[in-house]
Amino acid sequence: MESHGSSFSGLDSYFRALAQTPARLARRACSVSTSHEEMSQVKARSGSVMQRTLRWYDLVGFGIGGMVGAGVFVITGHASRLRAGPSVVISYAIAGLCALLSSFCYTEFAVDMPVAGGAFSYLRVTFGEFAAFLTGANLIMDYVMSNAAVARGFTAYLGSAIGISTSKWRLVIHGLPDGFNEIDTFAVLVVLAITLIICYSTRESSLVNMLLTILHILFIGFVILMGFWKGDWKNFTQPANPNNPSGFFPFGAPGVFNGAAMVYLSYIGYDAVSTLAEEVHNPVKDIPIGVSGSVIIVTILYCLMAASMSMLLPYDMIDADAPFSAAFRGESDGWQWVSNVIGMGASFGILTSLLVAMLGQARYLCVIGRSNVVPAWFARVHPKTSTPVNASAFLGIFTAAIALFTDLNVLLNLVSIGTLFVFYMVANALVYRRYVAIGTTNPWPTLSFLCSFSFTSILFTLIWHFMPDGKGKAFMLGACAVIAIAIIQLFHCIVPQARKPEFWGVPLMPWIPCASIFLNIFLLGSLDGPSYVRFVFFSALAVLVYVLYSVHASFDAEGGGSIGQKNGEIARGSDESEDHDSFKV
């Protein structure tokens, strides 16, 4: 290919580049890289390397620390009070199953290609640059929004712990719309302080996280014991107000799945663990234990804590912002101190979840910068700290700005829909990668299967949510289930796998990733309309950035020999055998 000047050297150059947008999109949007490229020349664009200092117990610690604080201490109250009632316990189990199946997909990719890019890198080697960029943009949005939500939840719990109302922490500006008019400066200070910590060192961050997580587990045990000891079993079925729906499932099956979609935010932490793959000493051994193990442990903790919360109070008396510590507020028999202890423990756990999530978001942006679809400045790794300082600082400031004024209710569903979309894409990418060898295998049977199965899952979800109850609905749901199973079995029998994982692979292919695909689609169907409006808005914004900037920057890098050529034009021979030569097995 002939070399060309930069598309951004001047206005004339940029307008000429815009005129060539259709041709550049055709060349770059579906361009793919290989595992070997991601592990070698792409990683080299960061300059300095990230040191391999993490072990499996570090990953388990990061997983527990990253998930527990964000899930139980901020979101459980909202899901129970507004969506599921006492059946929030089942909501957590469903969301945990979905997360575990997705974690298997992440684990296979991370073992085969241990780089810091997570889902972005996985999609870049399967579906190409545009799908990876759209996913990466949603991931960055997920992390920024969830971290902002958790930071604001931190102030609520800390206020409960020391006996200060949340309203006294925040300044209300009446000229701003509701949901954006409560200024929380303390949340901003917390985010900026953690940003400084993660810029310093990943290894030291792990040691701090491990210590905080161990102490946090003690608080979790205390919460569970207090809930079962002080609580009442009747709260599982009887609301405080007899006019409200009663029973363990007060909002029915839809409420359980609506709650599962909301609490799914609490499993973002394991995704952050996968972004640390580039810094793991032995990826083949440590990543499967760290990722899947942390999801299993955390799911058990979530269910126990949700059960203890449901025993403490009827669901219609739960404080949506601080459910555990507020449960003991107002007690007259000497138990008020428990509220303070739980509030402090929750605040403590939220700090660990922020630490892990902010580590993850910086590594996503770092690897996106390596691909040249955002400025390469974000890809730089500092030679002294071996951390992506530029990406960490930028996202820390951005997160602090969101946490300053945006209410928790505005953030939660937006984050859930983005997370479900990303996990859905990774499951599809794993099936595609197992059954398609680019350049030698016809991809259309696999693509047709993925589209057919997704369509059937969407149809099942629409019938579940919108068709009136009755025999007709049961028949339609059963027919969809039979068709979906038949599609999977037909594909399994007809299309052979194009590659076998050398070190660790998802068992029962393609059933497990298909189960993940279905569950993610089903949970997506449980979210409300405004969530989709916000998701479409942010996705459209990402597409606009890709068309106006990213595709041209990527095209310039290709012309300069910095990145791989269009799909089908690059060699694949080194993709299978060289990825793990330097790893200790």
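Everything quoted here is computed from the prediction, not taken from an experiment.
Other residues, nucleotides and ligands place no more than 12 heavy atoms under 6.0 Å from the CZ atom of Phe537. Few gaps surround OH on Tyr549; more than 12 heavy atoms of other groups in view lie less than 6.0 Å from it. Within a 6.0 Å radius of OH in Tyr14, more than 12 heavy atoms belonging to other residues, nucleotides or ligands are found. Residue Tyr532 places its OH atom among more than 12 non-hydrogen atoms of other residues, nucleotides or ligands, all under 6.0 Å distant. Few gaps surround CH2 on Trp377; more than 12 heavy atoms of other groups in view lie less than 6.0 Å from it.
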Item to check | ring-ring contact (aromatic ring centres under 6.0 Å, His included) evaluation trace for His492 with Phe449 | outcome: CA-CA 10 Å; His492 178 64; Phe449 160 70; over 10 Å; no
Checklist entry - What do the steps show when you test Val115 against Val367 for side-chain contact (heavy atoms from CB on, under 4.5 Å), and what is the final call? => result CA-CA 8 Å; Val115 294; Val367 174; 5.5 Å; no
Item to check | Worked check of side-chain contact (heavy atoms from CB on, under 4.5 Å) between Phe491 and Tyr435 | outcome: CA-CA 10 Å; Phe491 175 76; Tyr435 288 89; 3.6 Å; yes
Checklist entry - Could you walk me through whether Trp464 and Phe257 pass the ring-ring contact (aromatic ring centres under 6.0 Å, His included) check? => result CA-CA 11 Å; Trp464 174 277; Phe257 290 104; 5.7 Å; yes
Item to check | Stepwise side-chain contact (heavy atoms from CB on, under 4.5 Å) check, Phe423 with Leu101 | outcome: CA-CA 10 Å; Phe423 290 174; Leu101 297 179; over 6 Å; no
Item to check | Criterion side chain to side chain donor-acceptor pair (under 3.5 Å) on Thr21 and Arg24, from CA distance to verdict | outcome: CA-CA 5 Å; Thr21 297; Arg24 294 185 175 192; over 6 Å; no
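By the 4.5 Å heavy-atom criterion applied to side chains, Val545 and Phe133 are counted as neighbours. Contact annotation: the side chain of Phe109 approaches that of Leu430 to within less than 4.5 Å [non-hydrogen atoms, C-beta and beyond].
Under the 3.5 Å distance criterion, the side-chain polar atoms of Ser103 are matched with a main-chain donor or acceptor of Leu100. Judged by distance alone, with hydrogens and angles left aside, the side-chain atoms of Arg52 form a donor-acceptor pair with the main-chain N or O of Val280 at under 3.5 Å. Side-chain atoms of Ser102 never come within 3.5 Å of backbone atoms of Ala99 as a donor-acceptor pair (strictly under, hydrogens ignored). For the pair Arg363 (side chain) and Glu278 (backbone), a donor-acceptor distance under 3.5 Å is absent. The closest donor-acceptor contact from the side chain of Ser371 to the backbone of Ile368 lies under 3.5 Å. No donor-acceptor pair under 3.5 Å is formed between the side chain of Thr441 and the backbone N or O of Val436.
What you find for Ala119 and Val422 is that their closest heavy atoms are CB-CG1, 3.8 Å. Here the closest non-hydrogen pair linking Ile198 and Thr387 is O-CG2, 3.8 Å. Closest approach of Val381 and Ser386 over heavy atoms only: CG1-C, 3.6 Å. Across every non-hydrogen atom of Asp286 and Leu54, the tightest pair is OD2-O, 3.9 Å.
Results of the side chain to side chain contact (heavy atoms under 4.5 Å, CB included) test with Met358 over Asn147, Val144, Ile197 single out Asn147 as the only residue that passes.
Classification of Glu108 and Arg433 as a salt-bridged pair fails, no side-chain N sitting under 4.0 Å from a carboxylate O.
Ring pair Tyr432/Phe127: centre-to-centre distance below 6.0 Å. Aromatic ring centroids of Phe460 and Phe518 lie under 6.0 Å apart. Taking the six-membered ring wherever Trp is involved, the centroid distance between the rings of Tyr200 and His382 does not fall below 6.0 Å.
Residues passing the side-chain hydrogen bond (donor to acceptor under 3.5 Å, both in side chains) test with Arg380: none are found, sequence neighbours excluded.
At a cut-off of 3.5 Å, with distance as the only test, no side-chain donor of Tyr546 or Ser554 sits close to an acceptor on the other residue.
Interatomic distance, Leu139 CG to Met425 CE, rounded to the nearest 0.5 Å: 10.5 Å.
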